[in-house]
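The structure appears right after this line, and notes come after that.
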Amino acid sequence: MTSSSRSESIERTERPWGWYEILSEVPGHKVKRIRVNPGQQLSLQKHLQRAEHWVVVLGQAHVTVGEQVLTLVPGGHMDIPIGQVHRLTNRSAAPVEIIEIQFGHYLGEDDIVRQGDDYGRT
């Protein structure tokens, strides 16, 4: 049995609400680790070309998907269909981290239609 090691540099992208890292990206899906700082939230948004699956790995996330609002703890997860309005809010004093898996033919960062944003982004 041979062993192989994989070494790669993961780049962190800072945002006003926290940061994200792209862990894997291949045609058809992308995997991100996302941190939302205490008291911050992602924009209320939808995507026209991708669906997402969120899994909470740290903290307590308040997730809005359409009319549904849930509180998710580590291990909790949510599917977000293409075109569904969604948001993640961190109401706690500790960071929230999720693993986000994106599925679709186009996974660019510009596939965001913001419905509301605390930081003035459009």
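Nearest heavy atoms, P74 versus G59: CD-O, 3.1 Å. L107 and K30 get closest at one heavy-atom pair: O-NZ, 2.9 Å. Residues Q84 and G66 come closest through the heavy atom pair NE2-CA, 2.9 Å. Across every non-hydrogen atom of N90 and Q60, the tightest pair is OD1-O, 4.2 Å. R87 approaches G116 most closely through the heavy-atom pair NH2-O, 3.4 Å. Minimum interatomic distance between W17 and Q41 (heavy atoms only, all atoms of both residues): CB-O, 3.7 Å.
No path of Ile, Leu, Val, Met, Phe, Trp and Tyr side chains, each step under 4.5 Å between heavy atoms, connects I112 with V65, placing them in separate hydrophobic clusters. Linking ILVMFWY residues whenever their side-chain heavy atoms come closer than 4.5 Å, directly or via other members, places Y119 and V96 in the same cluster. Tracing side-chain contacts under 4.5 Å through hydrophobic residues (I, L, V, M, F, W, Y), one reaches L70 starting from I80; they form part of the same cluster.
Rounding to the nearest 0.5 angstrom, the gap separating the NE2 atom in H29 from the CZ atom in F103 is 7.0 Å. Distance check: L44 CG to D118 CG gives 10.0 Å after rounding to the nearest 0.5 Å. Note that CE of M78 and CG of L72 are 5.5 Å apart. Values are rounded to the nearest 0.5 Å. Distance check: I98 CD1 to I34 CD1 gives 4.0 Å after rounding to the nearest 0.5 Å.
H86 contributes a side-chain N or O that, together with a main-chain N or O of Q45, makes up a donor-acceptor pair within less than 3.5 Å. Between the side chain of R35 and the main chain of E97, no donor-acceptor pair closer than 3.5 Å is present. Put simply, the side chain of D79 never gets that close to the backbone of H53: no donor and acceptor are under 3.5 Å apart.
No side-chain heavy atom of Q40 sits less than 4.5 Å from a side-chain heavy atom of R15. Counting only heavy atoms from C-beta outward, the side chains of I10 and R12 never approach each other to under 4.5 Å. Contact of the D111 side chain with the L48 side chain is registered, since non-hydrogen atoms from C-beta on lie closer than 4.5 Å.
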Between E109 and K32, is a salt bridge (charged side-chain N to carboxylate O under 4.0 Å, His left out) present by the stated rule, with each step listed?
CA-CA 12 Å; E109 290 301 314; K32 286 183 172 179; 2.6 Å; yes
From CA spacing to verdict: side-chain contact (heavy atoms from CB on, under 4.5 Å), L23, I99:
CA-CA 9 Å; L23 304 178; I99 300 298; 4.1 Å; yes
Run the side-chain contact (heavy atoms from CB on, under 4.5 Å) test on T64 and T89 for me, step by step, so that the C-alpha distance in whole Å, both residues' side-chain angles and the decisive distance to 0.1 Å come before the verdict.
CA-CA 8 Å; T64 301; T89 301; 5.6 Å; no
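A donor-acceptor pair shorter than 3.5 Å can be found between the side chains of E100 and W54. Of the N and O atoms on the side chains of H47 and Q49, not one donor lies less than 3.5 Å from an acceptor on the other residue.
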